[in-house]
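In listed order, ligands and their atoms are each counted from 1.
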Amino acid sequence: MKFGGTSLANAARMKNAARIIQRYSPKNKVVVVASAIGNTTDQLTEIAELAKKGDLRRARKLLSKIQLSHRKIARIVAGRGETRELVAKIEQLNSELERTVEGIGHLRELTSRSRDYLLSFGESLSAPILAATLSAIGLRAQALTGAEAGIATDDNFGEAKPLIEISYHQVQQRLDPFLNRKMIPVVTGFIAATVDGSTTTLGRGGSDYTATLLAAALEADEIWIWTDVDGLMTADPRIVKNAAVLPNISFGEALELSYFGAKMMHPRALQPAGQKKIPVRIKNSSRPSKNGTLVSANESHNGGKVVKAVSIIRDVGIVTVSGSGMMGAPGVAAKVFQTLGSNNVNVMMISQGSSEATISCVVANRDVDRAVRALQLALMGQGYVDKITEEKDACIIAVVGSGMKGTPGVAARIFTAVARRKVNIRMVAQGSSEYNVSFVVSLKDGPEAVRAIHEEFNLGR
Ligand code: ADP
Ligand code: ASP
Ligand code: MG
């Protein structure tokens, strides 16, 4: 069971999470994954930026807010026996956190490695608090960091990749003894470590990934993701008022949705679950009796609807390589992707003009400048490419549903519905699988495009 930030946001939510766990344990062997409390990770990110700029005054102010709130929650949730131990643990983490911020502030240097270390405090603080909350209601629990639980990653700080073989082996070795003694491991989500012990993070939203990794390693029967909405929905409920909960969805479809920024789940989180065919339930921690969404290996039919959901990924830009010399020149596309790959630019979408004179790639906004520079160095002045252009502030709209590709006319309906709202489509790509059709519009048009599609396909009903 993984609990998201909102589900642990204050003492009352912590106790609520503990009661949910109690309902299923010790009847079942439960492993718990804790996210950082509320929006601690966002706050730590802000502190990192302030410290880097040398604005220690504001960094300290925000820091003390975090320290205070954790201290307060810890005091309320811990049972009599554990208060002292928990408070001591929190204070120890608080002062390590403080030293880290001071260090960054004095050096005015923030590497991706030190940022990961700083961000790790969110989950490092929340897991012991949740473990103590469980102890207070009579359950036996042990807080562990992701690394202590056995998750090892490479050293791609900020978006580290788990070393699957080692991790699965270690997780079994470390967690089975707790489970066999009827103890509940409470593992920090999001954070792990390299083999030599440097703290890493799995990327924003990474607690979901921690949960599915642990579950796959332990061959769990199910993964339950407790969050603040009733399940995976047909669209982001903040954009579409009548978005509906999807009762069933296949791994393939869910993967498309989460990859394309439903923001509901970490993009890679479904991989371990899908590989081991472990069903994932997404449920609302405030309304646990609701069924939520079941993600499983079954292709679901959803009343024969071809389109199931529509999602949006913000903060992307388009980089276009063009040149008349590209026509018929073999290897230009390969060179483009090789260059982007070796510069660590993740390409989210590709489209090539039928004339072969342009190749456009969608990448994260933050990667646009790096992508353009790298492509200029690698491709200009060789006779093929004469222009490399960029457009920032775009978003990808992904329309997801199995069987969409095999049904004629779906794409036409999508584009007509969007055009009717006077939204200009900047780029269309062949979906990366048979589950989606995606296209790019400007950032400001994104919500309107989502609503247009939601309405056209009657997803709210
Ligand atoms: P958690 O803290 O539990 O990990 P997140 O904030 O990461 O939760 O994700 C849940 C939020 O994702 C919801 O509150 C909702 O606003 C947003 N969201 C975006 N798209 C969707 C969608 N298609 N279905 C459900 N929620 C979505
Ligand atoms: N706390 C991390 C984040 O906010 C990880 C997570 O909550 O999944 O991104
Ligand atoms: Mg999340």
**Request:** Could you tell me whether a side-chain N or O of D208 sits under 3.5 Å from a main-chain N or O of H266, the two making a donor and an acceptor?
**Result:** yes
**Asked** Near G231, which atoms of ligand 1 are under 4.0 Å from a heavy atom of that residue?
**Response** 24 (N), 25 (C)
**Request:** Check the pair E109, K52 against salt bridge (charged side-chain N to carboxylate O under 4.0 Å, His left out), reporting the backbone distance first and the verdict last.
**Result:** CA-CA 6 Å; E109 182 183 82; K52 179 183 160 190; over 6 Å; no
**Request:** Look at the side chain of S25 and the backbone N and O of Q22, then say whether any donor-acceptor pair between them is shorter than 3.5 Å.
**Result:** no
Within the protein, flag every N or O under 3.5 Å from an N or O of ligand 2, and note the pair and distance.
from	atom 1	to	atom 2	distance (Å)
ligand 2	1 (N)	T41	OG1	2.7
ligand 2	1 (N)	E123	OE2	2.6
ligand 2	4 (O)	T41	OG1	3.4
ligand 2	4 (O)	R204	NH2	2.9
ligand 2	7 (O)	S35	OG	3.1
ligand 2	8 (O)	G205	O	3.3
ligand 2	8 (O)	G206	N	3.4
ligand 2	8 (O)	S207	N	3.0
ligand 2	8 (O)	S207	OG	3.2
ligand 2	9 (O)	R204	NE	2.6
ligand 2	9 (O)	R204	NH2	3.4
ligand 2	9 (O)	G205	N	2.8

**Message:** If you compare all heavy atoms of F121 against all heavy atoms of T100, which two are closest, and at what distance to 0.1 Å?
**Reply:** CE1-OG1, 3.9 Å
**Item:** Sequence-distant partners of R204, side-chain hydrogen bond (donor to acceptor under 3.5 Å, both in side chains), two or more places apart
**Value:** D42
**Prompt:** Do any nitrogen or oxygen atoms of M233 lie less than 3.5 angstrom from nitrogen or oxygen atoms of ligand 1?
**Reply:** yes
**Message:** Which residues pass the salt bridge (charged side-chain N to carboxylate O under 4.0 Å, His left out) test with R426, not counting sequence neighbours?
**Reply:** E391
**Prompt:** Which bit of P237 gets closer than 4.0 Å to ligand 1, counting heavy atoms only: side chain, backbone, both or neither?
**Reply:** side chain
**Item:** Atom indices of ligand 1, in the order listed, that fall short of 4.0 Å to a heavy atom of T227
**Value:** 1 (P), 3 (O), 8 (O), 10 (C)
**Prompt:** Does ligand 1 have any atom sitting under 4.0 Å from a heavy atom of A309?
**Reply:** no
**Fill in**
If you compare T293, D228, I312, V310 by their heavy atoms, the one closest to atom 13 (C) of ligand 1 turns out to be D228
**Request:** Applying salt bridge (charged side-chain N to carboxylate O under 4.0 Å, His left out), run through R60 and E98 and close with a yes or a no.
**Result:** CA-CA 8 Å; R60 286 182 190 130; E98 210 166 296; over 6 Å; no
**Item:** N or O pair under 3.5 Å between D208 and ligand 1
**Value:** no
**Request:** Would you sort out whether D236 and R451 count as a salt bridge (charged side-chain N to carboxylate O under 4.0 Å, His left out), showing the intermediate values?
**Result:** CA-CA 10 Å; D236 186 339; R451 286 190 285 266; over 6 Å; no
**Asked** Strictly under 6.0 Å, is that where the ring centroids of F415 and F439 end up?
**Response** yes
**Contacting atoms of ligand 1, where contact means under 4.0 angstrom from a heavy atom of G5** = 2 (O)
**Asked** Has the side chain of K2 got a donor or acceptor atom that lies under 3.5 Å from a matching backbone atom of A211?
**Response** no
**Residue pairs passing the ring pair (Phe, Tyr, Trp, His ring centres under 6.0 Å) test where at least one lies in residues 13-42, sequence neighbours excluded** = Y24-W224
**Message:** Show the atoms of ligand 1 that are less than 4.0 angstrom away from any heavy atom in V229.
**Reply:** 13 (C), 14 (O), 25 (C), 26 (N)
**Item:** Nitrogen or oxygen atoms of L232 and ligand 1 under 3.5 Å apart
**Value:** no
**Message:** Within ligand 1, which atoms have a heavy atom of K2 less than 4.0 Å away?
**Reply:** 4 (O)
**Prompt:** Does M265 approach ligand 1 within less than 4.0 angstrom via side chain, backbone, both or neither, non-hydrogen atoms only?
**Reply:** neither
**Request:** Take D55 and R58, measure what salt bridge (charged side-chain N to carboxylate O under 4.0 Å, His left out) needs, and give me the verdict at the end.
**Result:** CA-CA 6 Å; D55 190 348; R58 281 169 63 202; 3.4 Å; yes
